[in-house]
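Inspection log for the structure reproduced underneath, given as structure tokens.
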Amino acid sequence: MRPTFLALKYAKPQGFFKRAFHNLTRARLLTRYPHAGIVKDGMLMHANLSKGLHSEPFKPEGWLLIPIKPAVDPVAALDLLAGTKYDWFSLLAFVLPWRVRNSDWLYCYEWCWYVMTGQMPIERVTPEDLAIEALRQKP
């Protein structure tokens, strides 16, 4: 069986708005990793503002990879959830003192949490939460 990885992005993207969102996310979350996805069989499965939940060929430059033992097959989950809109609404939970969420949408960290644990998160998920869970799993 081929390994599956949690992918945490640290490289800055091209384009003014993408770079601004990258920098804002890093500053607000106090993290080096403003984006995350799941990598399996050379494909990156992730959620972003422009395409929602989707997959694309993985280019490893600028990503930290941590092997995981997923609770949910990411390819099968993506088949079920492909096209799910990006949950920009939940990002308000990082600014407001209470949880805000649209249960029909996903942001990148929520997607990764779902694949890694088999559960949709009920609390805010950060890249550090994902890294801790990945290291706890020890595939």
Side-chain angles (χ1 to χ4, degrees):
M1 186 162 109
R2 292 186 180 185
T4 302
F5 298 92
L6 168 66
L8 299 171
K9 186 170 188 173
Y10 57 84
K12 291 186 178 185
Q14 299 296 317
F16 176 78
F17 291 108
K18 288 180 180 179
R19 188 170 286 222
F21 190 72
H22 171 97
N23 289 332
L24 179 65
T25 304
R26 283 186 67 182
R28 175 59 189 104
L29 298 183
L30 302 173
T31 186
R32 185 175 181 203
Y33 308 105
H35 188 61
I38 301 293
V39 174
K40 184 172 183 171
D41 298 332
M43 296 300 289
L44 171 65
M45 295 164 267
H46 63 133
N48 64 20
L49 281 167
S50 60
K51 296 181 183 176
L53 183 59
H54 68 287
S55 68
E56 60 189 58
F58 179 62
K59 298 174 187 159
E61 301 82 28
W63 293 85
L64 171 69
L65 295 175
I66 304 172
I68 61 171
K69 191 165 76 176
V72 173
D73 176 35
V75 175
L78 184 70
D79 286 344
L80 287 173
L81 300 170
T84 299
K85 293 185 180 196
Y86 185 80
D87 193 3
W88 59 268
F89 193 65
S90 282
L91 298 179
L92 292 173
F94 290 100
V95 179
L96 301 172
W98 59 85
R99 177 78 166 131
V100 179
R101 184 167 196 274
N102 182 327
S103 61
D104 294 330
W105 300 348
L106 290 169
Y107 64 91
C108 62
Y109 306 142
E110 289 175 323
W111 157 249
C112 295
W113 186 263
Y114 172 67
V115 169
M116 292 170 64
T117 68
Q119 301 173 358
M120 287 296 181
I122 56 172
E123 298 292 329
R124 293 178 280 209
V125 178
T126 68
E128 287 71 25
D129 294 331
L130 296 173
I132 290 167
E133 177 64 22
L135 294 172
R136 188 189 67 74
Q137 290 180 356
K138 295 181 186 176

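Values below: every heavy atom of this structure, side chains too, minus hydrogens, waters and symmetry copies. Residue numbers count from 1 along this sequence.
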If only atom types and distance count, is the side chain of Glu110 paired as donor or acceptor with the main-chain N or O of Tyr107 below 3.5 Å?
yes

In chain order, what residues pass the side chain to side chain contact (heavy atoms under 4.5 Å, CB included) check against Val72, with sequence neighbours excluded?
Ala77, Tyr114

Please answer whether the main-chain N or O of Ile68 pairs with a side-chain N or O of Gln137 as donor and acceptor at a distance below 3.5 Å.
no

Okay, side chain of Thr31, backbone of Pro34: is any donor-acceptor separation there less than 3.5 Å?
no

Determine, using the 4.5 Å side-chain heavy-atom cutoff (strictly less than), whether Trp63 and Val39 are members of one ILVMFWY cluster.
yes

Nearest-0.5 Å distance, NE2 of residue His46 to CG of residue Leu78:
10.0 Å

Identify, with sequence neighbours excluded, every residue that meets side chain to side chain contact (heavy atoms under 4.5 Å, CB included) alongside Asp73.
Lys40, Val75, Ala76

Nearest heavy atoms of Cys108 and Ala36, plus distance in Å
CB-O, 3.3 Å

State yes or no: do Trp113 and Leu53 share one hydrophobic cluster built from I, L, V, M, F, W and Y residues joined by side-chain heavy-atom distances below 4.5 Å, directly or via other members?
yes

Atom pair OG1/CG of Thr126 and Asp129 - distance to nearest 0.5 Å
3.0 Å

If every non-hydrogen atom of Tyr33 is compared with every non-hydrogen atom of Glu128, which pair is closest and at what distance?
CD1-OE2, 4.5 Å

Shortest non-hydrogen contact from Met43 toward Ser55:
CE-OG, 3.8 Å

Is there a path of hydrophobic side-chain contacts, each under 4.5 Å between heavy atoms of I/L/V/M/F/W/Y residues, joining Phe5 to Leu44?
yes

Test of understanding: with side chain to side chain contact (heavy atoms under 4.5 Å, CB included), list the residues that count as partners of Leu135, not counting sequence neighbours.
Ile66

Are Val115 and Leu6 connected in the hydrophobic side-chain network, where two residues link if heavy atoms are under 4.5 Å apart?
yes

Determine yes or no for a side-chain-to-main-chain donor-acceptor pair under 3.5 angstrom, with Arg19 supplying the side chain and Gln14 the backbone.
no

Mind checking what makes side-chain hydrogen bond (donor to acceptor under 3.5 Å, both in side chains) contact with Asp41, not counting sequence neighbours?
none

Between the main-chain N or O of Thr117 and the side-chain N or O of Glu133, is there a donor-acceptor pair closer than 3.5 Å?
no

Using the side-chain hydrogen bond (donor to acceptor under 3.5 Å, both in side chains) criterion, which residues pair with Trp111? Sequence neighbours excluded.
none

The side chain to side chain contact (heavy atoms under 4.5 Å, CB included) partners of Lys51 (sequence neighbours excluded) come to Asn48, His54, Glu56

Between atom CD1 of Ile38 and atom CZ of Phe58, what is the distance when rounded to the nearest 0.5 Å?
11.0 Å

Check whether Leu49 and Leu81 end up in the same hydrophobic cluster, where Ile, Leu, Val, Met, Phe, Trp and Tyr are linked by side-chain heavy atoms less than 4.5 Å apart.
yes

